[in-house]
2 protein chains.
Amino acid sequence: MSQKGRPRSFDRDAALRQAMRVFWKKGYDGASLAELTTAMGINSPSLYAAFGSKEALFREAVDLYGATEGVDIWGAFERPGSAREAISDLLRASARAFSEPGDPRGCLIVLGALNVSETNAEVFRDLSERRMSSARDLAGRLKQAVAAGELPESADCDAISAFYLAVQQGMSVQARDGASRAALLAIADGAMAAWDALTAGSGRNAGA
Amino acid sequence: MSQKGRPRSFDRDAALRQAMRVFWKKGYDGASLAELTTAMGINSPSLYAAFGSKEALFREAVDLYGATEGVDIWGAFERPGSAREAISDLLRASARAFSEPGDPRGCLIVLGALNVSETNAEVFRDLSERRMSSARDLAGRLKQAVAAGELPESADCDAISAFYLAVQQGMSVQARDGASRAALLAIADGAMAAWDALTAGSGRNAGA
DNA sequence: TCTATTTTGTATCGTTCAATACCGAAAGAT
DNA sequence: ATCTTTCGGTATTGAACGATACAAAATAGA
């Protein structure tokens, strides 16, 4: 009923998966239409008919990334367990995801567009908001732990969240530089070494 | 004696400084020749005569960045003091440099080229090597502290170095997302909260 | 003053970019 | 079987890209 004319001859989901991998590897600006259409196995008119534009295709690709890789990485936040376990699992899952053999290295949401140009301003904003949304999710999990009495009231949840997210983002950079899975896991463990001092600290500027 | 023909009518160093700021803000790929020449106040033939190519100009810009911003950030490694002070100063100086009013946010060496394309492969490699060289410098300072008896033999200097560098790299990402100076400094302090546990730990995988 | 040498500004090179016009092909609807 | 609708493939669009050809302009040395 919905299918009136000539049916599409390619798998839209499979094509989107290939596009996601190209964006993941090359970034938004670095991924050319020629490279995208080659990887997707279609011609550019088919791409525009099915996805609208390069920017719209990228948005769908990022959504798909969140629904696949993102679930692997952030899954610990849905499962029961302590806040410490959730963050440790987040970092260790990130280390594994960013060094998965056969996959592009690092995180699409972090590496997809870090420089603003005239053509990618909206894309940068979208990714930036996703990153900041992750920070809010992480802080929310910590505040929940405070409310549950798991962490002291003095814990600076926003600062702790920003710190652990910075570690995860730095792992994306080092993954691009070829860091081994063991090296990334060591970074994750190193970050968890701060947990006791961070959560027991006096909230504002515990270190120094 | 060396000046035979028509003298150059612009200040090469000043033009390079402007080029550095454009690359810093837009990245290597995102900085177009038109934008560079406009900021430098010259035409493209003058750019090519004075610097050779866009890639060669970028290399000189990164060298200048290292000789100016880099000195501010890594200065603590030349000054006397404990390894802990050196790393704390490194992170806090990074937080300040990445949020300096009037300057582009984040680090040119981290953000200049994180996606590899056909035209920037050598640029990516150059920046990647600079990042890894920083990791070696940081680890070297830690090993020096171990040799001096300041840190225990069990300290995993490479892992600690990778962790703190990841924090610094993540700070560049959050600086691009608009994080305040206070937020970046809080990340630096949060990372230092790991120091005691990291350096006293059993070398391999202290956390978890 | 004349020649050699280098820089300057204009105008443009060929390539690649994202995005379409066009038309024949392939399906459902009647 | 014919009409309508949508898709596929070829060819191409105008704009922006990095990089130069060229000739006038400006200096040093003769």
Side-chain angles (χ1 to χ4, degrees), chain A residues 1-16 18-19 22-23 25-61 112-113 115-124 126, chain B residues 1-16 18-19 22-23 25-61 112-113 115-124 126:
Chain A
M1 49 197 68
S2 62
Q3 188 80 338
K4 290 257 289 193
R6 175 174 175 175
R8 181 178 288 134
S9 69
F10 62 93
D11 184 337
R12 191 183 189 278
D13 293 336
L16 178 59
Q18 294 306 313
V22 174
F23 282 129
K25 186 177 178 183
K26 300 294 193 83
Y28 176 73
D29 292 301
S32 69
L33 259 295
E35 196 169 4
L36 287 165
T37 53
T38 298
M40 298 165 82
I42 60 177
N43 297 112
S44 46
S46 298
L47 189 157
Y48 280 86
F51 298 98
S53 68
K54 183 186 178 185
E55 184 174 327
L57 173 64
F58 181 78
R59 282 202 155 77
E60 284 202 49
N115 292 303
V116 194
S117 72
E118 297 176 1
T119 56
N120 75 352
E122 284 301 313
V123 165
F124 172 84
D126 181 32
Chain B
M1 52 194 70
S2 61
Q3 189 80 337
K4 292 257 288 194
R6 175 173 176 174
R8 181 178 288 134
S9 67
F10 64 94
D11 184 336
R12 191 183 189 278
D13 292 337
L16 178 59
Q18 294 305 314
V22 174
F23 282 129
K25 186 176 177 183
K26 300 294 193 83
Y28 176 73
D29 292 301
S32 69
L33 259 293
E35 196 168 6
L36 287 165
T37 53
T38 298
M40 298 166 82
I42 60 177
N43 297 113
S44 45
S46 297
L47 190 156
Y48 280 86
F51 298 98
S53 68
K54 183 186 177 184
E55 184 175 328
L57 173 63
F58 181 79
R59 282 203 156 76
E60 284 202 50
N115 293 302
V116 194
S117 72
E118 297 177 359
T119 57
N120 75 353
E122 284 302 313
V123 165
F124 172 85
D126 181 32

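For B:Glu35, the side chain to side chain donor-acceptor pair (under 3.5 Å) partners are B:Lys26, not counting sequence neighbours. Partners of A:Lys25 according to the salt bridge (charged side-chain N to carboxylate O under 4.0 Å, His left out) rule, which considers only residues two or more places apart in sequence or in another chain, do not exist here. Residues meeting the salt bridge (charged side-chain N to carboxylate O under 4.0 Å, His left out) test with B:Arg12, sequence neighbours left out: B:Glu60. In this structure A:Arg8 satisfies the salt bridge (charged side-chain N to carboxylate O under 4.0 Å, His left out) test with no other residue, sequence neighbours excluded.
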Detail all sub-3.5 Å separations between protein N/O atoms and N/O atoms belonging to nucleotides 6-10 of chain D.
{"unit_1": "D:dT6", "atom_1": "O2", "unit_2": "A:Arg6", "atom_2": "N", "d": "3.3"}
{"unit_1": "D:dC7", "atom_1": "O4'", "unit_2": "A:Arg6", "atom_2": "O", "d": "3.3"}
{"unit_1": "D:dC7", "atom_1": "O2", "unit_2": "A:Arg6", "atom_2": "NH1", "d": "3.2"}
{"unit_1": "D:dG8", "atom_1": "OP1", "unit_2": "A:Ser9", "atom_2": "N", "d": "2.6"}
{"unit_1": "D:dG8", "atom_1": "OP1", "unit_2": "A:Ser9", "atom_2": "OG", "d": "2.8"}
{"unit_1": "D:dG8", "atom_1": "OP2", "unit_2": "A:Ser46", "atom_2": "OG", "d": "3.3"}
{"unit_1": "D:dG8", "atom_1": "O4'", "unit_2": "A:Arg6", "atom_2": "NH2", "d": "3.3"}
{"unit_1": "D:dG9", "atom_1": "OP2", "unit_2": "A:Asn43", "atom_2": "OD1", "d": "3.0"}

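Rounded to whole angstrom, the span from the CZ atom of B:Phe51 across to the C1' atom of D:dT20 amounts to 18 Å. Taking atom CD of residue A:Glu118 and atom P of nucleotide C:dA18, one finds them 15 Å apart after rounding to whole Å. One atom, CD of A:Glu122, and another, P of C:dA18, lie 18 Å apart when rounded to the nearest Å. Following rounding to the nearest Å, B:Tyr48 (OH) and D:dC22 (C1') show an atom-to-atom distance of 18 Å. The separation between B:Arg12 atom CZ and C:dT6 atom P is 16 Å, rounded to whole Å. Atom P of nucleotide C:dT16 and atom NZ of A:Lys54 are separated by 16 Å, given to the nearest angstrom.
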Identify all side-chain donor-acceptor contacts of residues 38-51 of chain A below 3.5 Å with residues at least two apart in sequence or on another chain.
{"unit_1": "A:Thr38", "atom_1": "OG1", "unit_2": "A:Ala34", "atom_2": "O", "d": "2.8"}

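For the pair A:Lys54 and A:Phe23, the cation-pi test (distance below 6.0 Å, angle within 45°) is failed.
Within the nucleic acid shown, B:Ala31 comes within 4.0 Å of sugar-phosphate atoms alone, with no base atom in reach, counting heavy atoms only.
Considering only the side chain of B:Ser32, D:dG18 comes nearest among C:dA19, D:dA19, D:dG18.
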